[in-house]
Amino acid sequence: MENNQFILLILCLVAVVFSTLMVFFRNPLSVALSLLMVLLASGGIYGLMGEHMVAAIQLVVYAGAIMVLFIFAIMLLNMKEEEHEKNNTPTIFMGVLAGLMILLGVGAFFIEADKNFMAPQAGPFTSNLMEQLGGNTKVLAHALFSQGFIPFEAISLALLVAIVGAVVLAKRKFDQ
Amino acid sequence: MISSTLLLQLTSLYLFIMGLVLIFLRRNTLVILLGIELLLNSANLLLVTYSKMHHVLDGQLQVFFVITIAAAESAIGLSIVVNLFRNFGSVKTSQTKTLLG
């Protein structure tokens, strides 16, 4: 569909532009807000592709909890703009060169793989079938609690460990 | 124009490289943590694209777990950053050191 392709292009462009801006900003708060824009654009891309549950989880957890936590930390530590350290030109050059090499190498691989792309025959979950079965959330929830049951329990254990660890780290005193 | 799956793969690659460049070149610990979040988000985008391309559900399931683990890891990382600030007085990577030399 022509409309879908156009909106997808806009969202991808927003994500690309704001991620490039993230590298150039000096203020940590601006970097965090640019990351928030990238996460919102990613959530829009997920919703456009028909994965509604992943889009909702991304908006609620990633853009709504993690970024708020980051902004709390920035405001708590009262981070202003970084003082202008002298521009280490060889380091910047090597960083840009490494990024360019990865971009060209893996990008060429993606373009080449897309040229010889054969029609996929694995997997039954086309969007029509998912709509018949009751929507993306229902199908994903069924898969989560039947096929991904052990990782689900392991994730709850990992979250418990994270909560205990965060409390311990915030309480420790170092003055002895 | 180019197909939508190729556009999404290239976008995910570009976001990954921007996250890597943030980790390499910035000297503020909290900005390095933001770069790690960008890396994880780009991997999520790629997983979801492939899951849609091959009409399976495994990619979306994996994204569910990755987002949860990213939340837990960023909470712990921020506690560590607050502790760094408490001990050394700043979060720049050039000043959080106790080894001499």
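A, B, ... follow the sequence lines: proteins, then strands. Residue 1 opens every chain. Everything numeric in this text was worked out from a predicted model, so none of it was measured.
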So which of B:Phe85, B:Phe16, B:Tyr14 has the biggest tally of heavy-atom pairs under 4.5 Å with chain A? B:Tyr14
Chain B contact via A:Leu144 - which portion, at a heavy-atom distance below 4.5 Å: both
Where on A:Ile102 is there a heavy atom nearer than 4.5 Å to chain B: the side chain, the backbone, both, or neither? both
So A:Val38 and B:Met18, do their side chains get closer than 4.5 Å, heavy atoms only? no
Region of B:Val63 in contact with chain A, defined by heavy-atom distances below 4.5 Å: side chain
Heavy-atom cut-off 4.5 Å, strictly under: side chain, backbone, both or neither for A:Met94 against chain B? neither
For A:Ala143, which atoms come within 4.5 Å of any heavy atom of chain B: side chain, backbone, both, or neither? both
Side chain to side chain contact (heavy atoms under 4.5 Å, CB included) between A:Ser42 and B:Asn44, worked out: CA-CA 9 Å; A:Ser42 290; B:Asn44 282 351; over 6 Å; no
What part of A:Leu76 is in contact with chain B, defined as an atom under 4.5 angstrom from a non-hydrogen atom: side chain, backbone, both or neither? side chain
Count the heavy-atom pairs under 4.5 Å between each of B:Thr11, B:Leu13, B:Leu22, B:Val56 and chain A, then report the option with the highest count. B:Leu13
Please classify the contact between A:Leu35 and chain B as side chain, backbone, both or neither, with a heavy-atom cut-off of under 4.5 Å. side chain
Taking CZ in B:Phe88 as the centre, count heavy atoms belonging to other residues, nucleotides or ligands within less than 6.0 Å. Is the count above 12? yes
Less than 4.5 Å to any heavy atom of chain B: does that hold for the side chain of A:Phe109, its backbone, both, or neither? neither
For each of A:Ile66, A:Leu13, A:Leu69, tally heavy-atom pairs with chain B at distances under 4.5 Å, and name the one with the top tally. A:Ile66
One pair to check against side chain to side chain contact (heavy atoms under 4.5 Å, CB included): A:Glu51 and B:Lys52. What are the steps and the verdict? CA-CA 9 Å; A:Glu51 288 114 13; B:Lys52 204 51 158 181; 3.4 Å; yes
Between A:Pro28 and B:Leu34, which heavy-atom pair has the shortest distance, and what is it? O-CD1, 4.4 Å
Would you say the side chain of A:Leu39 lies within less than 4.5 Å of the side chain of B:Glu37, judging by non-hydrogen atoms? no
Looking only at heavy atoms, what is the nearest atom pair of B:Ala70 and A:Tyr62, with distance? CB-OH, 3.7 Å
Side chain from CB out, backbone as N, CA, C, O: work out which of these in A:Val61 comes under 4.5 Å of a heavy atom of chain B, or both, or neither. side chain
Looking only at heavy atoms, the pair that brings A:Phe70 and B:Ser74 closest together is CE1-CB, 4.2 Å
Go through A:Met49 and B:Thr49 one step at a time and tell me if the side chain to side chain contact (heavy atoms under 4.5 Å, CB included) criterion holds. CA-CA 8 Å; A:Met49 284 206 288; B:Thr49 302; 4.2 Å; yes
Would a hydrophobic clustering, with Ile, Leu, Val, Met, Phe, Trp and Tyr connected at side-chain separations under 4.5 Å, put B:Leu30 with A:Val68? no
Non-neighbouring partners of A:Phe110 that pass ring-ring contact (aromatic ring centres under 6.0 Å, His included), sequence neighbours left out: none
Closest approach of A:Ala15 to B:Leu15 (non-hydrogen atoms, all atoms of both residues): O-CD2, 3.7 Å
Which one wins on heavy-atom pair count under 4.5 Å against chain A: B:Val21, B:Leu20, B:Leu38, B:Leu10? B:Leu38
A:Leu77 and B:Arg86, any side-chain heavy atoms less than 4.5 Å apart: no
Looking at OG of B:Ser3 and CD of A:Gln5, how far apart are the two atoms once the value is rounded to the nearest 0.5 Å? 8.0 Å
Test of understanding: clusters of I, L, V, M, F, W, Y form through side-chain heavy atoms closer than 4.5 Å, transitively. Do A:Met53 and A:Phe152 belong to the same one? yes
Between B:Leu8 and A:Leu8, is a side chain to side chain contact (heavy atoms under 4.5 Å, CB included) present by the stated rule, with each step listed? CA-CA 9 Å; B:Leu8 285 169; A:Leu8 187 69; 4.2 Å; yes
Between A:Gly99 and B:Ile17, which heavy-atom pair has the shortest distance, and what is it? O-CD1, 3.4 Å
Following the transitive rule for hydrophobic clusters with a side-chain heavy-atom cut-off under 4.5 Å over Ile, Leu, Val, Met, Phe, Trp and Tyr, establish whether A:Phe145 and A:Val54 coincide in one cluster. yes
So, for A:Ala73 and B:Leu78, which heavy atoms are closest and what is the spacing to 0.1 Å? CB-CD2, 3.7 Å
Between A:Ile7 and B:Leu45, is there a shared hydrophobic cluster once you connect ILVMFWY residues whose side-chain heavy atoms come closer than 4.5 Å? yes
Atom CG of residue position A:Leu97 - does it have more than 12 heavy atoms of other residues, nucleotides or ligands inside 6.0 Å? yes
CD1 on A:Ile155 to CD1 on B:Ile69, rounded to 0.5 Å: 4.0 Å
When you group the ILVMFWY residues by side-chain heavy-atom contacts below 4.5 Å and let the links chain together, are A:Ile111 and A:Leu103 in the same group? yes
